[in-house]
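Note that the structure is a prediction, hence the values are computed from the model and not measured.
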Amino acid sequence: MRAKKIRPLLILILLSVILFSCGMGKEEKYDEYARAYTDILFLKHKYGWNKDTLNVKIDSIFTYYQISGEKYNRFFESIKNDEGKWKKFFDISEKYLDSLRHKKY
């Protein structure tokens, strides 16, 4: 009888661990996409006139951050209607841009 009571508890704990671990890294993902976004904006400003070079440079950004163009677009699709997520994204982007400015000078 006692084993029957423990089994649902173990299942609940296991599900909680799985769900918690799926949520891990969300902040890290925001960071990666925000940095890639900032880098791509810079590249568009620098190479916008030369589409071939721009595309090669953007591909190198995706390789560096280990994301694909498809994942990049899906990320933005996933946050498109959430003002809080956009704020978080742009806060991270702004901090990254500030860190680049400080490195330069």
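- Phe42 is not connected to Val56 by any chain of hydrophobic side-chain contacts under 4.5 Å among Ile, Leu, Val, Met, Phe, Trp and Tyr, and they are in different clusters.
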Any chance you could lay out the side chain to side chain contact (heavy atoms under 4.5 Å, CB included) test for Leu41 and His45, step after step, and finish with the verdict? CA-CA 6 Å; Leu41 281 181; His45 178 73; over 6 Å; no
Steps toward ring pair (Phe, Tyr, Trp, His ring centres under 6.0 Å) verdict (Phe89, Phe76): CA-CA 10 Å; Phe89 174 80; Phe76 288 105; 5.2 Å; yes
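- A distance of 11.0 Å separates OG in Ser78 from CG in Asn73, rounded to the nearest 0.5 Å.
- Within the model, atoms OH of Tyr33 and NZ of Lys71 stand 6.0 Å from one another, a figure rounded to the nearest 0.5 Å.
- Taking every heavy atom of both residues into account, Ala36 and Tyr72 meet most closely at CB-CE1, 4.2 Å.
- Under the 4.5 Å side-chain heavy-atom criterion for ILVMFWY residues, no single connected hydrophobic cluster contains both Ile92 and Leu97.
- Using a 4.5 Å cut-off on side-chain heavy atoms (C-beta onward), Ile40 and Phe62 make contact.
- In this structure, NE2 on His102 lies 10.0 Å from CG on Leu100, to the nearest 0.5 angstrom.
- A salt bridge links Lys80 with Glu77: at least one charged nitrogen is closer than 4.0 Å to a carboxylate oxygen.
- The shortest non-hydrogen separation linking Trp86 to Asn81 is NE1-N, 4.4 Å.
- Salt-bridge formation is not detected for the pair Lys87/Glu83: no Lys NZ or Arg NE/NH1/NH2 atom is positioned less than 4.0 Å from an Asp or Glu carboxylate oxygen.
- Heavy atoms only, all atoms of each residue included: Leu43 and Ile61 are closest at CD1-CG1, 3.5 Å.
- Note that CG of Asp52 and OH of Tyr47 are 13.5 Å apart. Values are rounded to the nearest 0.5 Å.
- In terms of heavy atoms, Ile67 sits closest to Glu32 at CG2-OE1, 4.4 Å.
- The residues Lys88 and Asp91 are annotated as not salt-bridged, no charged nitrogen and carboxylate oxygen being separated by less than 4.0 angstrom.
- Tyr65 and Asp39 share a side-chain donor-acceptor pair at under 3.5 Å.
- Looking at every heavy atom in both residues, Tyr37 comes nearest to Ser93 through CD2-OG, 4.1 Å.
- Nearest heavy-atom pair, Lys44 versus Ile58, reported as atom, atom and distance to 0.1 Å: CE-CD1, 4.4 Å.
- More than 12 heavy atoms of other residues, nucleotides or ligands shown are found within 6.0 angstrom of CZ on Phe90.
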